[in-house]
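Side chains included, hydrogens not; waters and symmetry mates left out as well; all remaining heavy atoms used. Note that the structure is predicted; figures quoted are calculated from it, not measured.
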Amino acid sequence: MTAKPPSYFPAPRRARYCSQCGSPVARRIPEGDNRERDICDHCGAIHYQNPRVVVGTVPIWEDRILLCRRAIEPRYDTWTLPAGFMELGETTAQGAARETLEESGARVQLGGLFTVIDVPQVDQVHIYYLAHALGPDLAPGPESLDARYYKESDIPWDELSFRSVVTTLQHFLDDRRRGVFEPHRYSLESHH
């Protein structure tokens with residue numbers, strides 16, 4: 001029997017109360033702006049929301065790609081590239097290396113920027129770097145049920161967690177076949 005994953009509580013994208021003074025906020029377009037914001041009529045604070053950045057890697061050991069089985073929601077018990085939300089005070093590269101170590105135990109040497117993916121329906125930008133694992137040893141952290149290196153023919157395509165993971169892997173395999181790795185930038189719009 002698989003243990004139930006911890007609850008998933010994303011940070012709210014709408015404020016109910018002002019983080020400066022605690023008063024209720026209203027939603028309207030501020031003077032001189034062009035979109036609705038949460039505004040405190042008591043102290044005047046405008047609460048801007050900006051996209052969240054997910055950073056990760058495509059780690060390679062020999063000819064195999066590292067994937068992690070998620071131990072958290074969303075998409076519990078599916079496979080993903082090691083990635084997570086960038087923290088304040090770190091660069092995208094530092095965040096990608098940190099997430100890789102936390103989720104898989106793999107120490108990596110980062111290569112070039114590989115994919116930059118806009119995911120506007122969830123207010124995110126996903127950034128993946130190419131990475132070379134410094135050894136085959138893995139020690140999955142608490143956010144991963146498992147971590148392992150896959151040959152191309154063994155990738156569990158039907159069990160991958162997110163479209164950004166699928167498309168990044170497809171770009172990686174296509175570039176590897178061509179023998180030329182280049183950055184890819186694109187958007188993943190919602191399915192209708």
Side-chain angles (χ1 to χ4, degrees), residues 5-15 47-61 65-133 138-150 155-175 181-191:
S7 298
Y8 179 67
F9 295 104
R13 296 308 269 170
R14 288 275 327 266
H47 300 274
Y48 294 95
Q49 290 286 337
N50 302 104
R52 295 191 171 115
V53 180
V54 172
V55 290
T57 62
V58 183
I60 305 302
W61 175 251
I65 303 167
L66 174 61
L67 295 176
C68 300
R69 190 179 278 276
R70 293 176 61 83
I72 58 173
E73 293 291 353
R75 310 274 166 61
Y76 174 82
D77 202 27
T78 58
W79 292 94
T80 188
L81 290 165
F85 290 110
M86 183 176 170
E87 296 287 354
L88 297 176
E90 69 183 0
T91 66
T92 58
Q94 289 167 336
R98 174 188 52 76
E99 285 289 344
T100 301
L101 182 62
E102 287 176 2
E103 293 187 3
S104 69
R107 295 189 184 281
V108 296
Q109 178 180 352
L110 288 186
L113 181 65
F114 189 58
T115 54
V116 177
I117 309 158
D118 298 316
V119 193
Q121 64 273 15
V122 292
D123 302 320
Q124 296 176 3
V125 177
H126 295 195
I127 298 172
Y128 287 94
Y129 285 86
L130 296 173
H132 173 73
L138 299 173
E143 293 185 4
S144 298
L145 299 170
D146 192 7
R148 63 177 79 152
Y149 290 101
Y150 281 94
I155 293 172
W157 292 102
D158 292 339
E159 297 178 53
L160 295 178
S161 56
F162 303 104
R163 283 194 299 152
S164 60
V165 171
V166 171
T167 58
T168 295
L169 284 170
Q170 289 168 335
H171 284 298
F172 175 81
L173 295 170
D174 289 345
D175 284 6
F181 290 93
E182 58 187 22
H184 301 272
R185 195 203 69 71
Y186 52 97
S187 294
L188 292 176
E189 303 294 332
S190 59
H191 291 344

Query raised in the report: At what distance, to the nearest 0.5 angstrom, does CH2 of Trp79 lie from OH of Tyr150?
Result: 3.5 Å

Report task. With rounding to the nearest 0.5 Å, note down the distance linking CG in Asp118 to CD in Glu189. Result -> 8.0 Å

Query - Contacts of type side chain to side chain donor-acceptor pair (under 3.5 Å), residue Glu90, not counting sequence neighbours - result: Arg98

Query - Residue pair Val165 / Leu81: nearest heavy atoms and the distance that separates them - result: CG1-N, 3.8 Å

Report task. Could you pull out the closest heavy-atom pair between Leu110 and Ala131, with the gap in Å? Result -> CD2-CB, 4.1 Å

Query - Heavy-atom side-chain contact between Ser144 and Glu103 under 4.5 Å - result: yes

Requested in this report: Could you tell me whether Tyr186 and His171 have their ring centroids closer than 6.0 angstrom?
Outcome: yes

Query raised in the report: Measuring from Arg70:CZ to Glu159:CD, what's the distance to the nearest 0.5 Å?
Result: 14.5 Å

**Report entry** Non-hydrogen atoms of Glu182 and Asp175 that approach each other most closely
**Finding:** N-OD2, 3.2 Å

Report task. Mind checking ring-ring contact (aromatic ring centres under 6.0 Å, His included) for Phe162 and listing every partner two or more places apart, or none if nothing turns up? Result -> none

Report task. Examine distances only and state if a side-chain atom of Thr115 and a backbone atom of His184 form a donor-acceptor pair shorter than 3.5 Å. Result -> no

Requested in this report: Side-chain contact test, heavy atoms from C-beta onward, threshold under 4.5 Å: evaluate it for Val166 versus Trp157 and give yes or no.
Outcome: yes

Query raised in the report: How long is the gap from CG on Leu188 to OG1 on Thr167, to the nearest 0.5 Å?
Result: 5.0 Å

Query - Distance, nearest 0.5 Å, that separates CG of Leu169 from OG1 of Thr80 - result: 8.5 Å

Query raised in the report: So which heavy atom on Tyr149 is nearest to which on Ile60, and how close?
Result: CE2-C, 4.5 Å

Query raised in the report: Do Phe114 and Thr57 have side chains that get closer than 4.5 Å, going by heavy atoms?
Result: no

Query raised in the report: Does a salt bridge link Arg52 with Asp123, judged by any charged N lying under 4.0 Å from a carboxylate O?
Result: no

Report summary line: Applying side-chain contact (heavy atoms from CB on, under 4.5 Å) to Leu113 and not counting sequence neighbours gives Val116, Ile127, Tyr129

Query raised in the report: Is atom CD of Gln94 surrounded by more than 12 heavy atoms (other residues, nucleotides or ligands) closer than 6.0 Å?
Result: yes

Query raised in the report: Tell me, do Pro59 and Ser104 make a side-chain contact under 4.5 Å, heavy atoms counted?
Result: no

Query - Side chain proximity check, Ser164 to Val54, heavy atoms < 4.5 angstrom - result: no

